[in-house]
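See structure below.
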Amino acid sequence: MKHLLALLTALLLSPLAALRAAEPARITVEVEKPGHAVPATLYGIFFEEINHAGEGGLYAEMVLNRDFELTTLPKGAKWAGNLLRTADDWQERKWFGNELWGWQFVADGGARGSIRLDDCEPLNDRNPHSLRLTVREPGTRAGVANGGFWGMNFVAGRWYDLTFQARTDGAERIDINVALESANGRERYASAVVRGVGGAWKEYHVSLQAQASDRCGRLALTVNRAGTIWFDVVSLFPRDTFRNRPNGLRPDLAQALADLKPAFVRFPGGAIAGGLNLDNRIQWKNSIGAIAQRKGTMNLWGYWTSSGLGFHEYLQFCEDVGAAALWVCNPGFSDNYRHAEYAPADQVKEFVQEALDAIEYAIGPADSTWGAQRAANGHPAPFPLRYVEIGNEASGKVYGTNYVQFCAAIRAKYPALTIISNQRLKDAPVEVVDDHKYGNPASFFNAYGQYDRADRNGPKIYVGEYACSREVGEGNLSAALAEAAFLLGLERNSDVVVMSSYAPLLCHENDVTWMSNMLRFDNARVVRRSSYHVQRMLAANRPDVVLPTRVEPDAAPKDCDLFALAGLDRKSNEIILKIVNRSTAPRVVTIQLNGCSLPAKTARLITLSHEDPRAENTLDDPDLIVPRETTIAITGSKFQHTLSAKSLTVLRISQEEQMK
Ligand code: AHR
């Protein structure tokens with residue numbers, strides 16, 4: 001009845017759509033003619049530090065601007081009013097409101113004093129600035145507070161670990177009160193006193209257990225006497241991190257990524273691998289070791305990053321989720337779209353060496369120079385680095401020349417690594433090439449057949465970034481279904497398309513620089529968008545081999561409502577059939593499985609759908625569109641099934657005899 005009503009509505013609303021919906025459709029699968037194997041590498045993830053994906057996101061650090069370095073410009077760049085201008089004339093907006101962004105002076109009960117950014121007696125050369133607190137009159141308390149990334153999320157009963165560096169002039173010693181408290185400082189959830197802080201720079205630790213919950217709290221460090229004290233690298237971590245790693249990741253976000261069971265994790269980007277200029281590229285050596293020794297960087301997506309989520313943490317995450325690591329190195333010039341700065345030809349070898357050192361850190365023996373650093377940082381065994389991509393979206397003649405140099409050096413030392421190119425190159429053999437695709441739903445449906453025409457004698461293809469991100473608001477079901485159809489096209493061509501990853505991955509609700517992202521979050525919650533569910537459904541139902549699949553009536557993708565692909569799971573002996581119904585009406589299909597004779601039995605059915613294609617999951621309504629699983633009765637090798645309107649359907653049909 002519901003289906004009939006929907007069909008009638010569709011008839012009234014759109015004669016063309018309704019006509020199509022009324023046409024009998026047939027999906028034929030040739031079960032006895034298995035095609036190519038579907039590579040286990042097909043579904044991975046792409047991580048880039050964009051939209052506060054890491055800083056204030058996946059990276060569990062709760063303090064904003066912990067290192068007091070956020071006024072540091074990339075070398076060679078200058079201020080032009082409120083804009084940053086590189087020597088190659090690229091402009092970026094300012095990423096902070098004042099030089100102590102994130103910090104505020106606390107003066108209770110008539111306290112008087114000040115805070116300021118200071119560069120005398122720095123902690124080290126990577127952290128030349130610190131915060132100087134001067135208290136002239138302590139009142140009831142005076143000090144500094146940090147509200148974190150749009151508020152700190154404290155949960156009653158949970159532990160939080162605070163570390164900070166501090167110094168005083170000469171012999172002065174000061175007791176520091178530390179507190180987890182409400183944004184206005186009136187409610188205190190946890191407090192402790194660190195006694196006798198002072199003298200030369202020293203690291204202090206204290207653990208605090210929150211007695212109440214607050215999603216918008218702050219950290220305060222205060223004193224009860226007059227004096228001057230300097231702070232640096234003030235860090236607050238929840239005790240619970242993903243897999244309990246120190247300097248670790250937010251468990252809910254990391255788990256959402258782990259649930260995708262990605263074959264690989266690509267990092268660190270994205271455009272940030274190139275940087276605004278060469279100094280601004282991701283310099284992996286600045287991102288390892290003790291956090292007080294790391295050097296932060298201005299991120300070209302408009303905020304400061306501490307380098308806390310660094311090379312080691314990325315690799316550890318890959319290992320923790322059972323994924324291969326795909327590291328993108330800088331190709332000897334900065335981001336092409338931001339007026340690239342090129343390293344002079346005779347200096348490209350330094351960039352090649354930077355890449356070789358990174359690889360040695362990841363997989364070199366523990367007694368090699370960089371392998372020993374990895375061991376010193378707690379991981380003597382090699383990490384699962386399998387892929388190195390030379391640059392991101394880099395192009396032009398210089399790219400080709402540099403690529404050859406990188407490739408030769410990496411191949412000579414690490415022949416087992418797969419090297420990925422940004423371009424198809426005339427003068428160099430390319431093993432895997434990285435294609436990117438962003439567009440509207442129509443372009444994604446149309447691209448269903450794009451790789452049918454790919455050169456089977458050319459490089460393998462990695463669709464390294466894709467997202468249906470235009471005309472879909474901040475992402476919605478119609479985008480997810482268009483991506484699903486596109487992905488079926490990739491899987492159908494997975495003899496040549498061997499890897500794919502959606503981009504970008506994560507987005508903080510308060511910093512939506514890039515509209516469509518797979519997961520959105522705030523300080524306390526995460527929402528899995530419908531695109532996430534598409535990814536997860538397809539990856540979890542990746543067959544071992546594809547089976548020839550025909551949809552009738554046959555039409556060009558642009559006129560097509562139905563996209564289908566079948567495959568075989570050899571281990572479970574199941575036929576997996578995946579179908580996208582793009583139409584706003586339910587669709588009756590006859591499914592014919594040739595070459596196998598099945599008795600009447602049940603099959604597993606997983607469906608992702610919603611009547612409104614513009615609908616999307618939100619932080620307040622995270623489960624509006626989620627896959628629903630059930631079993632259906634099928635009449636045998638030929639049966640009818642009604643596809644929901646606007647849906648992705650996965651059918652798993654066992655070829656084993658069913659127990660009665
Ligand atoms: O995914 C966001 C950006 O899109 C990436 O940084 C860049 O590679 C692409 O242009």
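Computed from a predicted model, the values in this text were never measured in an experiment. Atoms within a ligand are numbered from 1 in the order they appear, just like the ligands themselves.
Contacts of ligand 1 (protein heavy-atom distance under 4.0 Å) are Glu48, Gly270, Ala271, Trp301, Asn392, Glu393, Tyr438, Glu465, Ala503, Pro504, Trp514.
The ring-ring contact (aromatic ring centres under 6.0 Å, His included) analysis of residues 422-443, with sequence neighbours excluded, yields the pairs Tyr438-Trp514. Identified under the ring-ring contact (aromatic ring centres under 6.0 Å, His included) test for residues 410-429, with sequence neighbours left out: none.
None of Phe486, Tyr532, Tyr466 except one satisfies the ring pair (Phe, Tyr, Trp, His ring centres under 6.0 Å) rule with Tyr502; the exception is Tyr466.
A cation-pi arrangement, defined by a distance under 6.0 Å to the six-membered ring centre and an angle within 45 degrees of its axis, is present between Arg492 and Tyr448. Relative to the ring axis of Phe264, Arg386 does not place its NZ or CZ within 45° and under 6.0 Å from the centre.
Checked against salt bridge (charged side-chain N to carboxylate O under 4.0 Å, His left out), Glu509 has the following partners two or more places apart in sequence or in another chain: Arg520.
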